[in-house]
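As structure tokens, the structure follows; a few thoughts come after it.
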Amino acid sequence: MPQKKPLLSVIPLLTITIAITSVAYGSTLAKTVSAAPVAATASAVSVTAATASVTANGIPTVVQSTCMACHGMQGIAADGGMFPNLAGQWRPYLLRQLDHFKTHIRADPQSPIMWGMVAPLTPAQILQVADYFSAQKPASGHVYDPELVAEGKKLYFGGLPNRQMPACMACHGATLAGLPPYFPRLAGQKRTYVIHQLTYFKSGQRVATHKGIMQYVASRLDPKQITALAAYIRSR
């Protein structure tokens, strides 16, 4: 009887294949995933202007009233917090995550906070949030520990061949800009947030990712390696 090929041997190839596919068909994929949250509210275009209002400065009212307390007015969260930077994140990815929060598909330990924030938002407001934050200037990098950053850089570009873990750059790119819609921008992201999310992926508490890639990758990392990756990501 023919033997099945072990999952470990195909994960790196699968990851690279997905990354190449995302590059080749990025526009189509982005439209497809963007349509998911919009489909939940196909009437978004007909929603009254009152539900998608803006302030005198042109900032969506929903951002000022709901989002800025945790993520900052321009999508850059306060240092040391558990909340992620949203500035410059891909619009399709933001829409996908907001939809997953609204439907409770994303259910890691921190998600209930977002469940409550997203629950009352209209389709038009969700689109506003994604459009606004994706258009903001991304956070700049900061190096806190050069040695830890160097260790994280090796993991990001080299992976862990002895543990069959592909390099992070295969999906998130050499510049950490990501590949929409599945693979988010990582550059400049908060260390605490990255550590939390990788830990949730590792424990299986966060599961809503494309093909289960992040659960697999995080399962190969130990806490020190997770911290090193977070330090490198924050440095970019």
Side-chain angles (χ1 to χ4, degrees), residues 19 22-23 26 30 33 59-60 63 67-98 100-101 106 108 110-111 113-114 117 129-159 166-202 206 209-210 213-214 217-218 221 223-236:
S22 294
V23 172
V33 175
I59 298 172
V63 169
C67 310
M68 67 168 288
C70 296
H71 300 287
M73 187 64 83
Q74 276 73 48
I76 298 178
D79 280 336
M82 63 180 180
F83 304 110
N85 291 330
L86 302 181
Q89 187 58 269
W90 295 106
R91 177 181 182 272
Y93 184 78
L94 290 174
L95 286 171
R96 183 178 175 85
Q97 294 308 304
L98 287 169
H100 284 180
F101 283 129
R106 181 166 169 178
D108 59 71
Q110 291 177 210
S111 289
I113 298 173
M114 281 302 299
M117 295 295 101
V129 169
D131 285 340
Y132 176 77
F133 284 125
S134 66
Q136 301 307 302
K137 182 179 179 180
S140 57
H142 185 87
V143 176
Y144 289 96
D145 184 331
E147 291 186 7
L148 203 57
V149 168
E151 182 181 342
K153 183 177 181 179
K154 290 180 181 179
L155 287 168
Y156 187 87
F157 287 97
C168 306
M169 69 166 291
C171 293
H172 295 282
T175 63
L176 286 74
L179 294 167
Y182 297 114
F183 309 115
R185 174 185 177 85
L186 298 181
Q189 190 53 268
K190 298 297 182 185
R191 291 182 302 165
T192 302
Y193 179 76
V194 174
I195 290 171
H196 281 166
Q197 296 308 308
L198 285 175
T199 301
Y200 296 154
F201 282 129
K202 181 179 178 68
R206 182 174 173 184
T209 63
H210 189 59
I213 292 174
M214 281 308 304
V217 169
L221 299 168
K224 183 179 179 181
Q225 290 166 330
I226 286 175
T227 301
L229 271 173
Y232 174 65
I233 287 169
R234 180 67 182 94
S235 75
R236 295 303 302 266

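Here the structure is a predicted model, which means the values were calculated and not measured. We use all heavy atoms of the structure for the numbers below, so side chains are in, but hydrogens, waters and symmetry mates are not.
Contact between Gly88 and Pro138 at its shortest, heavy atoms only, is CA-CG, 3.9 Å. Contact record, Phe157 with Ala167: O-CB, 3.4 Å, taken as the closest heavy-atom pair. Counting all heavy atoms, side chain and backbone alike, Phe83 lies closest to Cys70 at CB-O, 3.5 Å. Taking every heavy atom of both residues into account, Ala228 and Leu155 meet most closely at CB-CD1, 4.5 Å. Closest approach of Val63 to Met73, counting heavy atoms only: CG1-O, 4.2 Å. The shortest heavy-atom contact between Ala230 and Ile195 is CB-CG1, 3.6 Å.
Taking CZ from Phe101 and CE from Met117, the interatomic distance works out to 11.5 Å, rounded to the nearest 0.5 Å. Considering SG of Cys67 and OH of Tyr132, their distance stands at 9.5 Å, rounded to 0.5 Å. Once rounded to the nearest 0.5 Å, the distance linking CE of Met214 with OH of Tyr200 reads 14.0 Å. His172 contributes atom NE2, which lies 12.5 Å from atom CZ of Arg185 (distance to the nearest 0.5 angstrom). Taken from CG in Asn85 to CD in Gln136, the straight-line distance is 12.0 Å, to the nearest 0.5 Å. The CD1 atom of Ile76 lies 8.5 Å from the NZ atom of Lys137; values are rounded to the nearest 0.5 Å.
A 4.5 Å side-chain heavy-atom check between Gln189 and Arg234 finds every atom pair outside the cut-off. Under the 4.5 Å side-chain criterion, counting only non-hydrogen atoms from C-beta, Leu176 is in contact with Ile233. Between Ile113 and Met82 there is a side-chain heavy-atom pair separated by less than 4.5 Å. In this structure, the side chains of Leu229 and Val194 stay at 4.5 Å or more apart for every pair of heavy atoms. Side-chain contact between Asp79 and Lys190: present, with at least one pair of heavy atoms (C-beta onward) separated by less than 4.5 Å. Counting heavy atoms from C-beta on, the side chains of Pro166 and Val217 come closer than 4.5 Å.
With sequence neighbours excluded, no residue forms a salt bridge (Lys or Arg N to Asp or Glu O under 4.0 Å) with Arg206.
Without hydrogens or angle criteria, Trp90 side chain to Ala177 main chain gives a donor-acceptor distance under 3.5 Å.
Among pairs with a residue in residues 138-151, none fulfils side chain to side chain donor-acceptor pair (under 3.5 Å), at least two apart in sequence or across chains. Applying the salt bridge (charged side-chain N to carboxylate O under 4.0 Å, His left out) test to pairs two or more places apart or on separate chains, none has a residue in residues 170-184.
Checked options His100, Gln97, Arg106; the residue passing with Ser111 is Arg106 (criterion: side-chain contact (heavy atoms from CB on, under 4.5 Å)). Screening Val149, Val143, Leu148 against Tyr232 for a side-chain contact (heavy atoms from CB on, under 4.5 Å) leaves a single residue, Val149.
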> Can Ile213 and Thr209 be said to form a side chain to side chain contact (heavy atoms under 4.5 Å, CB included), step by step?
Replying inline: CA-CA 7 Å; Ile213 292 174; Thr209 63; 5.6 Å; no
>> Please evaluate residues Leu86 and Leu94 with respect to the criterion side chain to side chain contact (heavy atoms under 4.5 Å, CB included), reporting the C-alpha separation (whole Å), side-chain torsions for both, the decisive distance (0.1 Å), and the verdict.
In response: CA-CA 8 Å; Leu86 302 181; Leu94 290 174; 4.1 Å; yes
